[in-house]
Amino acid sequence: MRLIVNGQAIEAQASRLDALLEELDYKGGHYAIAVNWDVVPRPRWAHTMLNEGDEIEILTPRQGG
Amino acid sequence: MVTFYGKSFTSRLLIGTALYPSPAVMQQAIRASGAEIVTVSLRREAGGGKAGEAFWSLVRELKVTVLPNTAGCRSAREAVTTAKLARELFGTSWIKLEVIGDDETLQPDPVGLLEAAAALLADGFDVFPYCTEDLSVALRLRDLGCRVVMPWAAPIGSARGLVNRDALKLLRARLPDVTLVIDAGLGAPSHAAAALELGYDAVLLNTAVAKAKDPVAMARAFRLGVEAGRAAFEAGLMGPRDFASPSTPVVGTPFWHDAS
């Protein structure tokens with residue numbers, strides 16, 4: 001299905017958020033995720049179903065001022 | 001001691017984690033600054049987020065309190081969602097709230113800032129709003145419930161120091177119960193000292209240290225500047241005078257005689 005991940009359109013096999021992370025090689029690490037502007041806490045990743053056209057932001061810690 | 005939303009700290013210097021020549025220099029500079037609070041951000045990252053993970057473990061080694069920012073957000077909606085992501089990622093209700101209104105000056109957008117601050121305070125966040133020296137906006141931020149307000153000294157990264165000193169002085173006088181932090185625009189330890197001399201509770205800076213020829217030495221210089229400024233404020237500065245007033249006693253001046 002077609003998803004927008006971090007601003008880029010991709011074609012993904014996964015239909016659940018945790019499976020999408022695996023598909024995109026995000027393993028274990030430290031991320032925060034929003035689907036269609038709603039934050040999805042880590043415990044809900046395995047229960048969050050994705051839909052065609054969903055906008056997903058996957059963010060990691062970065063240097064800041 | 002300085003207090004931010006009920007948490008007390010010894011250091012009055014908050015420091016950023018960006019723009020250092022290397023991760024090792026970042027760590028050394030932060031240690032040399034004596035800062036107990038560091039700012040961080042969150043960004044998109046491809047390839048499994050490995051760089052973010054590496055950066056985060058360096059910050060954790062420092063055992064400091066983390067203040068995430070919403071840098072780069074241009075609307076209240078973006079800032080609010082970014083703040084919620086930061087809370088999830090860093091496990092803190094603290095947020096340095098930036099809503100940028102102009103790309104050239106990185107001047108905060110007061111309308112978006114107030115809207116986002118209201119939403120985040122209602123959601124339980126401890127908001128550290130980055131604003132200009134505008135008194136009305138600062139008063140509104142306080143009235144919304146912000147216990148910390150962070151006016152700029154000058155545009156981010158400009159190193160110009162306290163450009164509008166009179167307005168900053170007025171903010172301090174009108175917001176006596178708010179923790180006031182000068183955020184952005186400082187270029188020299190003397191600028192930081194000047195802010196503390198005015199009674200500001202703390203300063204937040206990044207570029208002036210990270211872009212110095214020797215960031216570690218400059219971090220120490222800023223620490224001393226902040227300490228000197230605070231000590232001077234506590235000691236009570238004398239006010240300026242229009243004319244000279246001799247410091248050496250006049251009585252007993254040699255060769256003096258009555259001109260009449």
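Quick note on labels: first sequence line is chain A, next is B, and so on, each numbered from 1. As a basis for the values below, the full set of heavy atoms in this structure was taken, side chains included, without hydrogen atoms, waters or symmetry mates.
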Are [X] and [Y] side-chain neighbours, meaning at least one heavy-atom pair lies under 4.5 Å?
X        : Y        : value
B:Leu120 : B:Val80  : yes
A:Val5   : A:Leu20  : yes
B:Tyr130 : B:Ile156 : yes
B:Thr65  : B:Phe4   : no

Most contact-rich option vs chain A, by heavy-atom pairs under 4.5 angstrom, among B:Asn206, B:Leu205, B:Leu85, is B:Leu85

Max heavy-atom pairs within cutoff under 4.5 Å with chain A, candidates B:Thr207, B:Thr81, B:Val66, B:Val59, goes to B:Thr81

Q) Any donor and acceptor pair, going by atom type alone, linking the side chain of B:Asp201 with main-chain N or O of B:Val181 inside 3.5 Å? A)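 No.
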
B:Ala188 backbone acceptor or donor facing B:His191 side chain under 3.5 Å: yes

Specify whether B:Tyr5 and B:Phe128 have parallel, tilted or perpendicular ring planes, treating 30° as the upper limit for parallel and 60° as the lower limit for perpendicular.
tilted

Do other residues, nucleotides or ligands put more than 12 heavy atoms under 6.0 Å from [X] [atom1]?
X       : atom1 : value
A:Gln13 : CD    : no
A:Gln8  : CD    : no
A:Glu23 : CD    : yes

### Message
Please output the residues of residues 51-65 of chain A in contact with chain B, using a heavy-atom cutoff of under 4.5 Å, in numerical order.
### Response
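Expected list: A:Glu57, A:Ile58, A:Leu59, A:Thr60, A:Pro61, A:Arg62, A:Gln63, A:Gly64, A:Gly65.
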
Minimum heavy-atom separation for [X] and [Y], please, with both atom names.
X        : Y        : result
B:Ala79  : B:Thr70  : O-CG2, 3.7 Å
B:Pro151 : B:Leu180 : CD-CD2, 4.4 Å
B:Ser11  : B:Val2   : O-CG1, 3.6 Å
A:Met49  : A:Arg16  : SD-CG, 3.3 Å
B:Val226 : B:Arg12  : CG1-CB, 3.7 Å

Bottom line for A:Val40: the part with an atom under 4.5 Å from chain B's heavy atoms is backbone

The interface call for A:Leu21 against chain B, heavy-atom contacts under 4.5 Å, is neither

Within [range], which positions have a heavy-atom distance to chain A below 4.5 Å?
range                       : value
residues 212-221 of chain B : none
residues 17-42 of chain B   : B:Thr17, B:Ala18, B:Thr39, B:Val40, B:Ser41, B:Leu42
residues 89-115 of chain B  : B:Leu89, B:Phe90, B:Lys96, B:Glu98

Heavy-atom contact with chain A under 4.5 Å, split by part of B:Arg77: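 Contact with chain A involves both backbone and side-chain atoms of B:Arg77.
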
Between the side chains of B:Glu88 and B:Lys84, is the shortest nitrogen-to-carboxylate-oxygen separation below 4.0 Å, so that they form an ion pair?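 Looking at B:Glu88 together with B:Lys84, the answer is no, because their closest N to O distance does not fall below 4.0 Å.
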
CD of B:Glu61 to CH2 of B:Trp56, rounded to nearest 0.5 Å, is 12.0 Å

